[in-house]
2 protein chains.
Amino acid sequence: MKSAVRQQHVARAKIIKAMAHPSRLFIIEELHDKERCVGELTEMIGVDASTVSKHLTVLKNAGLVMDEKRGNSIFYTLRCPCIMDFIGCVEDVLSTNAEENAAVLKCLNRGTKK
Amino acid sequence: MKSAVRQQHVARAKIIKAMAHPSRLFIIEELHDKERCVGELTEMIGVDASTVSKHLTVLKNAGLVMDEKRGNSIFYTLRCPCIMDFIGCVEDVLSTNAEENAAVLKCLNRGTKK
DNA sequence: TGGCTATTTGGCTATATTGCCAAATACCAG
DNA sequence: CTGGTATTTGGCAATATAGCCAAATAGCCA
C-alpha cells in the first residue's frame with residue numbers, strides 16, 4: 001500500500017478508534033444534546049471519575065470534543081455534530097444484521113418444525 | 001446508565017471497533033469498489049495472509065462483509081455500502097481538525113514574527 | 001491419490017487499552 | 001491560608017489486539 005494512502009487510513013482509524021467504546025459513544029451522544037461537565041457524565045455512566053476523565057482525553061485528542069473551564073468545573077462540548085450522522089450509519093448496519101438474523105432464525109424454525 | 005441503553009452502546013461500539021484499524025478501513029474501501037479475494041487484499045496491504053484473514057474475520061463477525069467461496073478462492077464483499085457515508089463523516093472531522101491546526105499555526109507565527 | 005494453491009487456525013510475543021485507587025492539581029468559599 | 005469540590009495524573013493489574021510463523025484445512029487439477 002502506498003505510504004500516503006496508508007497515512008490517510010491511519011488518520012481515519014485514529015478518529016474511529018476514539019469512538020469505539022461504549023462509554024465514549026454515550027458521551028458523544030450526551031454532548032450532542034448539551035454541554036456537560038465531568039461530574040455529570042461520571043454520574044450518568046457510573047464508573048470512576050478518573051476513568052471518565054481519561055475517556056474525555058481520548059475524545060479530545062481525536063478532536064471530537066472541546067473543553068472549557070468555567071468556575072470550578074470543566075465543560076465539554078461536541079466539536080463536530082456531524083458525528084451523529086456517523087452513528088446513524090452504524091444503526092443501519094445493526095438493523096441489516098438484525099434482519100439477517102431474523103431471516104436465519106425463521107429458516108431454522110422452518111427446518112425443525114415438522 | 002440503564003441497561004438497555006448500555007447494551008445499545010455496546011452493540012454500536014462493536015461495529016465501530018471493527019472499523020477502527022487502518023488495514024480494515026482499507027479493506028472496506030477496496031470492497032466498496034469490487035469484491036476481492038484474500039490473496040488480492042493481502043498483496044495490496046502487504047502483511048501476512050493470516051493477518052488479513054483475521055482482519056476479515058473481524059469484519060465478518062461485525063456484519064460488515066460477507067464471503068462467498070468460488071473455486072479455490074473466497075471472495076469478500078461489503079454488506080452495507082452505507083459504511084462509506086461513515087467514512088465521509090470521519091473526513092469531516094479530519095478537515096475540521098486540520099482547519100483548527102492551521103488557525104493555531106497562523107496564530108503562533110503571528111506571535112513569533114514581530 | 002498426490003501435489004498445488006488459497007485460506008484459516010493455533011500459538012506465541014509485543015503492545016495497547018480499560019478501569020481502579022491514590023495522589024496531585026486547580027479553583028472556590030470562608 | 002484552610003477546607004472542600006472538581007478534575008487530572010501516575011501506577012498497577014487484567015484483558016484485548018496485532019502480527020508473525022507453522023500447521024491444519026479445503027478445493028482444484030493431473
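Residue numbers start from 1 in every chain, and the chains themselves are labelled A, B, ... in the order their sequence lines are given, proteins ahead of strands.
In this structure, A:His21 does not reach the D:dA16 phosphate: none of its side-chain N or O atoms is under 4.0 Å from OP1 or OP2. Contact annotation: B:His55 side-chain N/O to D:dT17 OP1/OP2 distance is not under 4.0 Å.
For the pair A:Met19 CE and C:dT18 P, the interatomic distance rounds to 14 Å; values are reported in whole Å. One can place NZ of B:Lys17 at 16 Å from P of C:dA16, the figure rounded to the nearest angstrom. Between the C1' atom of C:dT7 and the CD1 atom of B:Ile27 lies a distance of 14 Å, rounded to the nearest Å. One can place CG of B:Leu25 at 12 Å from P of D:dA18, the figure rounded to the nearest angstrom. Here the P atom of nucleotide D:dT7 and the CZ atom of A:Arg36 are 13 Å apart, to the nearest Å. Rounded to a whole Å, the CG atom of B:Leu41 is 14 Å from the P atom of D:dG19. Between A:Ile16 atom CD1 and C:dT17 atom P the separation is 15 Å, expressed in whole Å. Atom-to-atom, CZ of B:Arg24 to C1' of D:dA16 comes out at 12 Å; the value is rounded to the nearest Å.
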Task: From CA spacing to verdict: side-chain contact (heavy atoms from CB on, under 4.5 Å), B:Thr42, B:Val47 - done: CA-CA 6 Å; B:Thr42 298; B:Val47 295; 5.8 Å; no

TODO: Could you go through the side-chain contact (heavy atoms from CB on, under 4.5 Å) check for B:His55 and B:His21 one step at a time?
DONE: CA-CA 9 Å; B:His55 282 312; B:His21 187 284; 3.6 Å; yes

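Inter-residue side-chain proximity for A:Glu29 and B:Arg12 is flagged as met; some heavy-atom pair is nearer than 4.5 Å. For the pair B:Thr77/B:Val65, no side-chain contact is recorded, criterion being any heavy-atom separation below 4.5 Å from C-beta on. Contact annotation: the side chain of A:Phe86 approaches that of A:Ile16 to within less than 4.5 Å [non-hydrogen atoms, C-beta and beyond].
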Open item on the list: Each nucleotide in nucleotides 8-14 of chain C should get exactly one letter: B, S or -. Can you fill that in based on protein heavy atoms under 4.0 Å?
Closed with: BBBB---

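C:dT25 and D:dA6 make up a base pair, with Watson-Crick or G-U wobble contacts both under 3.5 Å.
For the pair A:His9 (side chain) and A:Val5 (backbone), a donor-acceptor distance under 3.5 Å is present.
A:Leu59 and A:Ala18 make their closest contact through CD2-O, 3.6 Å (heavy atoms, listed as atom of the first residue, atom of the second, distance).
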